[in-house]
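A short write-up of the structure that comes next.
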Amino acid sequence: MAELGVNIDHVATVRQARRTYEPDPVWAAALAELGGADGITVHLREDRRHINDRDLRILRETVTVKLNLEMACEDDVAAIACRTRPDQATLVPEKREEVTTEGGLDVHEQRKRVADVIQRLQDAGIVVSLFLDPDPKQIETAAELKADAVELHTGQYALALPGAAQQNELESLISAGALVRQAGIALHAGHGLTYRNVKPVATIEGMHELNIGHSIIARAIMVGLEQAVREMKRLVS
Ligand code: PXP
């Protein structure tokens with residue numbers, strides 16, 4: 001059975017839209033735990049567009065399930081990770097101009113830099129996961145670099161039209177998943193997963209962890225809006 005890591009970046013995105021104190025991702029993490037989340041995932045981006053240093057610091061103190069920090073392969077954020085000690089760090093590519101993470105990390109091309117950051121994080125007792133496209137060359141390199149986990153990028157699967165195209169993407173994920181397991185690495189997946197498309201990925205053999213953000217936060221707005229309006233209506237009338 002796959003574990004669910006809930007990505008709460010979007011809660012911080014709404015807060016940052018007004019540069020105010022609400023909604024607080026720390027509070028959201030507690031609610032996600034109450035809902036059964038097995039992990040809380042946050043991405044501390046270089047531009048701090050959503051999650052910031054204060055969030056990470058408090059989350060480290062309050063989250064009681066796995067705290068997974070998504071981060072670029074950069075020295076400054078590696079230093080923050082080594083100080084804060086999340087349970088797990090997921091290394092992702094990061095471009096300032098992107099709306100969200102686009103594609104997996106190219107560990108084959110950036111082997112030396114990735115190896116250094118993996119070593120620093122593992123020396124600090126942090127489990128290291130690599131966010132990779134379902135590409136055998138990348139998975140082979142992840143095994144050589146002694147990554148603890150590989151998170152397969154499910155973005156292409158999520159974008160594919162239902163039918164043959166989606167099935168093709170699913171098959172790539174299934175074969176990449178088999179390579180990850182054969183290498184003795186924990187199998188994770190995420191990006192673009194929704195209530196409609198998650199099941200075939202969750203049932204890939206050996207799937208250990210799924211990280212899901214946008215769809216859960218989008219649904220939370222829809223299931224919570226009616227109550228929120230009722231509460232405000234009571235106050236104004
Ligand atoms: N996994 C990784 C590595 C990501 O970068 C993201 C997006 O921050 C997710 C999972 C979650 O993606 P989504 O918000 O589309 O569910």
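The residues of the chain are indexed from 1 along the displayed sequence. Numbering of ligands and ligand atoms starts at 1, following listing order.
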Using distance alone, determine whether N7 and ligand 1 share an N or O pair under 3.5 Å.
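Yes, there is a polar N/O contact under 3.5 Å.
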Would you say ligand 1 has an N or O under 3.5 Å from any N or O of G192?
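It does: an N or O of G192 is found under 3.5 Å from an N or O of ligand 1.
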What are the two closest heavy atoms between [X] and [Y], and how far apart are they?
X    : Y    : result
A189 : V201 : CB-CG1, 4.0 Å
G103 : F131 : O-CE2, 3.6 Å
A165 : L161 : CB-O, 3.8 Å

Among all the protein's non-hydrogen atoms, which is closest to [atom], and how far away is it?
atom                    : answer
atom 10 (C) of ligand 1 : E151 OE2, 3.3 Å
atom 14 (O) of ligand 1 : H214 N, 2.9 Å
atom 7 (C) of ligand 1  : H191 CD2, 3.7 Å
atom 16 (O) of ligand 1 : G213 N, 2.7 Å
atom 9 (C) of ligand 1  : E70 OE2, 3.9 Å

Could you tell me whether H43 approaches ligand 1 through its side chain, its backbone, both or neither, with non-hydrogen atoms closer than 4.0 Å?
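No part of H43 is near ligand 1 at this cut-off.
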To the nearest 0.5 Å, tell me how far [X] [atom1] sits from [Y] [atom2].
X    : Y    : atom1 : atom2 : answer
L44  : I51  : CG    : CD1   : 8.0 Å
H153 : E151 : NE2   : CD    : 10.0 Å
T84  : R60  : OG1   : CZ    : 9.0 Å

Does the pair H10 and H214 meet the rule for a ring pair (Phe, Tyr, Trp, His ring centres under 6.0 Å), with working shown?
CA-CA 7 Å; H10 284 326; H214 183 84; 5.0 Å; yes
Relative to the heavy atoms of V92, which atoms of ligand 1 are at a distance of less than 4.0 Å?
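The list of qualifying atoms is 3 (C).
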N211 neighbourhood, listing ligand 1 atoms whose heavy-atom distance to it stays under 4.0 Å:
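What qualifies from ligand 1 is 10 (C), 11 (C).
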